[in-house]
> 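The structure is given below, and queries will be raised subsequently.
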Amino acid sequence: MLLASVVAVPAGWFLRKKSGRVGGFGWVMLIGGPIMLVAVVPGFWSDFIKVDEQGFELKTGFWFAPTHYKVEFDKLSSIALTAETRTGRRGRKETSYFLQCAERAAAGDKVPVGDMMKVALDEILTRAHDKGVVLMDQTNGQ
């Protein structure tokens, strides 16, 4: 993304002189490159997931408005792996997975299972099980 954002500016500069769609795409690259460089690229360095004996912590999203989850295993009564299927554009079905973390004294968090979470999911569930947290799979095979 960093390289694409930097290359988009000079490429857009040269393409803007062309006529038709190519010229319009040049302007998009010329304007969009710096926007991506400032708004999106820093987010790739600030995203993280941390798992230890006490719980897990996930931070993801734009650098100026991140989404942050901190879940402590000792406060949980259960973790349910859930799935939500939506029909996207052109009728394509998209399934999103979540960890529904139910706390003993509160409602808990609904943590999205994105690409970063998928890497650490087995470790999170193993450590939660070791702490006595009830694990449930509510995805119905999705």
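One-based numbering along the sequence shown.
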> Between Glu94 and Arg89, does at least one N-O distance fall below 4.0 Å, as a salt bridge requires?
no

> Does any N or O in the side chain of Asp109 come within less than 3.5 Å of the main-chain N or O of Val111, such that one atom is a donor and the other an acceptor?
no

> To the nearest 0.5 Å, what is the distance between CE on Met136 and OG on Ser78?
3.5 Å

> Nearest 0.5 angstrom please: Phe56 CZ to Cys101 SG, how far?
4.5 Å

> Find out if a path of hydrophobic residues (ILVMFWY) with successive side-chain heavy-atom gaps under 4.5 Å connects Met36 to Trp45.
yes

> Establish, from distance only, whether the side-chain atoms of Thr60 and Thr67 form a donor-acceptor pair under 3.5 Å.
no

> Same hydrophobic cluster for Val40 and Leu37, using side-chain heavy-atom links shorter than 4.5 Å among ILVMFWY?
yes

> Any salt bridge linking Asp47 with Lys59? Criterion: basic side-chain nitrogen under 4.0 Å from a carboxylate oxygen.
no

> Which residue, Val71, Leu76, Asp74, Leu125, forms the side-chain contact (heavy atoms from CB on, under 4.5 Å) with Val133?
Leu76

> Exactly one of Glu84, Met117, Gln138 should register a side-chain contact (heavy atoms from CB on, under 4.5 Å) with Phe98. Which one does?
Glu84

> Please check if the side chain of Thr95 supplies one atom and the backbone of Thr85 the other of a donor-acceptor pair under 3.5 Å.
no

> Please enumerate all residues that pass side-chain hydrogen bond (donor to acceptor under 3.5 Å, both in side chains) together with Arg16, with sequence neighbours excluded.
none

> So, using side-chain hydrogen bond (donor to acceptor under 3.5 Å, both in side chains) as the criterion, who are the partners of Glu57 when residues are at least two apart?
His68

> With hydrophobic residues grouped by side-chain heavy-atom distances under 4.5 Å, do Leu3 and Val38 end up in a single group?
no

